[in-house]
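Values in this document were obtained by computation on a predicted structure and should not be read as measured data.
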Amino acid sequence: YNTLPCGTDLQASLGSSAQIAGMLGFAGSSPQLQRLADAGYEKVEHVHWHAWTRRTYLDDHGMNSLRHKLYVSPKPHALVDVVERTLAVAMQLQVPSFKIGRTAANLLRSDKFILYTDSAEALEALSSELEGELAGYPAQGVPFTKTMSATGILSAGSDPPRTLCLSGWAQADSWRAWIVDRLALALLQARRFSADPSLHSAFALSKLSMEGIDTRDWAAAPQLWKGELS
């Protein structure tokens, strides 16, 4: 999943969870917290994430409709500037919800910062607004997502409906877990028909394409989410 190794330099620069909260402006009575409150965001307690959701959105909609995800994936040393710039745009556009990793391990993941929207159109508008804001920052990049910027710092995914999750051991409901569950299943199936490893990946990609997944952009066809493809 493109997680960075936690060397001593990165560990020292990121520090403890408390230091990370202060660095990102999420501790004490920081101006960032005041801006979020003024914009109508409510903190959602989570062991792994600093997370906020707009209060009016929770009252009117609930979280289940927030399946469209914009990943913001800078290199760790650029995170503070990127978070500040991104949240300014998110508040301006009234993005329903977002979350950022709480710990050094979370922030070394590629999917360290995720914004949620309730439609593909809202995600496109958010991505377009952020692309110019974040153009100069180095990207880490999130595998198995659709690239939304030239640098790769922005990418998108759309979580599947629960009815489309695999049964049994694979009950994942996130976009990337859903994709790799299917890739793993296809690779296992390929091994039953051929002992040649060079053919396994081609079989898996072909199978996903037939299921309605664009394996170049890692995006699902709209008809798949509506249950019109099988």
4.5 Å side-chain heavy-atom contact, Val83 and Phe98: no
Check: Arg176 and Ser110 side chains under 4.5 Å, non-hydrogen atoms: yes
How about Pro76 and Leu4: do any of their side-chain heavy atoms sit closer than 4.5 Å? yes
Please report the interatomic distance OG1(Thr103) to CZ(Arg109), rounded to the nearest 0.5 Å. 9.0 Å
How would you list, by chain and number, every residue that makes a ring-ring contact (aromatic ring centres under 6.0 Å, His included) with His48, sequence neighbours excluded? His46
With rounding to the nearest 0.5 angstrom, report the CG to OG distance, Leu134 to Ser73. 11.0 Å
Using side-chain heavy atoms (C-beta onward) and a distance below 4.5 Å, is Lys69 in contact with Tyr116? yes
Please tell me if the side chains of Leu130 and Ile153 come closer than 4.5 Å, counting only heavy atoms from C-beta onward. no
Any chance you could measure Ser127, atom OG, to Glu129, atom CD, to the nearest 0.5 Å? 10.5 Å
Quick check for you: to the nearest 0.5 Å, what is the distance between Thr145 atom OG1 and Trp175 atom CH2? 9.5 Å
Would you say the side chain of Leu36 lies within less than 4.5 Å of the side chain of Met91, judging by non-hydrogen atoms? yes
So with a 6.0 Å cut-off around NZ of Lys99, is the heavy-atom count from everything else above 12? yes
Side-chain heavy atoms nearer than 4.5 Å, only ILVMFWY residues, links allowed to pass through others: does that put Leu205 and Leu199 together? no
Checking Asn2 side chain against Gly141 main chain: does a donor-acceptor pair fall under 3.5 Å? yes
Any donor-acceptor N/O pair, Arg54 side chain to Gly40 backbone, under 3.5 Å: no
Does Gln19 use its side chain to pair, donor to acceptor, with the backbone of Ser16 at less than 3.5 Å? yes
Any side-chain to backbone donor/acceptor pair from Ser149 onto Leu154? Under 3.5 Å, distance only. yes
With clusters defined by side-chain heavy atoms of hydrophobic residues (ILVMFWY) lying less than 4.5 Å apart, directly or transitively, does Leu208 cluster with Leu187? no
Between Leu33 and Ile100, is there shared hydrophobic-cluster membership here, with clusters defined by ILVMFWY side-chain heavy atoms closer than 4.5 Å? yes
Tell me the salt bridge (Lys or Arg N to Asp or Glu O under 4.0 Å) pairs involving residues 78-88, sequence neighbours left out? Arg85-Glu133
Test Met23 against Leu14 for side-chain contact (heavy atoms from CB on, under 4.5 Å), laying out the working first. CA-CA 9 Å; Met23 178 177 70; Leu14 291 173; 4.2 Å; yes
For the pair Ile114 and Leu70, evaluate side-chain contact (heavy atoms from CB on, under 4.5 Å) and give the outcome as yes or no after the intermediate values. CA-CA 6 Å; Ile114 306 172; Leu70 184 68; over 6 Å; no
Quick check for you: to the nearest 0.5 Å, what is the distance between Cys6 atom SG and Leu108 atom CG? 5.0 Å
If two hydrophobic side chains count as joined below 4.5 Å and joins carry through other members, does Val180 share a cluster with Phe203? no
Within this structure, what is the CE-OG distance for the pair Met148 and Ser155, rounded to the nearest 0.5 Å? 9.0 Å
Judged by modelled atom types alone, do Ser194 and Asp196 share a side-chain donor-acceptor pair under 3.5 Å? no
Please identify each residue that fulfils ring-ring contact (aromatic ring centres under 6.0 Å, His included) with Phe26, with sequence neighbours left out. His50, Trp52
What I'd like to find out is whether the side chain of Val95 reaches to under 4.5 Å of the side chain of Tyr41, using heavy atoms alone. yes
Applying side-chain contact (heavy atoms from CB on, under 4.5 Å), run through Leu24 and Leu79 and close with a yes or a no. CA-CA 8 Å; Leu24 296 175; Leu79 183 64; 4.1 Å; yes
